[in-house]
Amino acid sequence: MTSVESTLALHLKNAGFSLTEPRLKVFKALQDDGPLSMQELYSRVSSINRTTVYRVIELFEELKIAQRVAKGWKYHLELTDDFIPHHHHFTCTNCHKTISFDEPKSFDVMLETVANHNGFLPTAHTLEIEGLCSDCRVLA
Ligand SMILES: [Zn+2]
Ligand SMILES: [Zn+2]
């Protein structure tokens, strides 16, 4: 078991759940290919029936193992910061490709400054950017 998988096992155990085969498979699909739509997730774990996948996601959301990422008016699922490094996404409005990027430290500093000015204490944030990817820019 990798260290991230033992973190998952511990996370589940603390909440009174065990690490079952479907839970591990869904987790690995999100880890390798996330963010994924439910449809994409279903096709990546096609050996597991859809109701089970849906229940696993429901549990993962409840336990903050996975979270929803807005993509236009839909959403995709990905692992939370507890399991993958904190990052954000660029989504191409033309080909719908999603590109992850690490946020620069200066962004955190700027965010904290803006929050402080408003007497606000941020505990979490999301940042989704839409536009054209490098391939689609060339065609535009
Ligand atoms: Zn961030
Ligand atoms: Zn594109």
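It should be emphasised that the depicted structure is a prediction, and the values quoted were computed from it without experimental measurement. Counting starts at 1 for both ligands and their atoms, following the listed order. Residues take their numbers from the sequence shown, with the count starting at 1.
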Do Glu103 and His125 have side-chain atoms, one donor and one acceptor, less than 3.5 Å apart?
yes
I'd like to check Asp33 versus Arg44 (side-chain heavy atoms, cut-off strictly below 4.5 Å). Are they in contact?
yes
Sequence neighbours left out, what passes side chain to side chain donor-acceptor pair (under 3.5 Å) with Gln67? Give chain and number order.
none
Is the gap between the ring centers of Tyr54 and Tyr42 under 6.0 Å?
no
Flag the pair His11 / Phe83 as yes when their ring centroid distance falls below 6.0 Å, and as no otherwise.
yes
By side chain to side chain contact (heavy atoms under 4.5 Å, CB included), Pro22 pairs with (sequence neighbours left out) Thr20, Ile48, Thr52, Val56
Going by chain and residue number, what protein N/O/S atoms come nearer than 2.8 Å to the Zn ion (ligand 2)?
Cys92 SG, Cys95 SG, Cys133 SG, Cys136 SG
Inter- and intrachain pairs under salt bridge (charged side-chain N to carboxylate O under 4.0 Å, His left out), touching residues 2-17, at least two apart
Glu5-Lys28
The Zn ion (ligand 1) - name of the N/O/S atom of Glu103 that sits closest to it:
OE1
Considering just N/O/S atoms, say which atom of His86 is closest to the Zn ion (ligand 1).
NE2
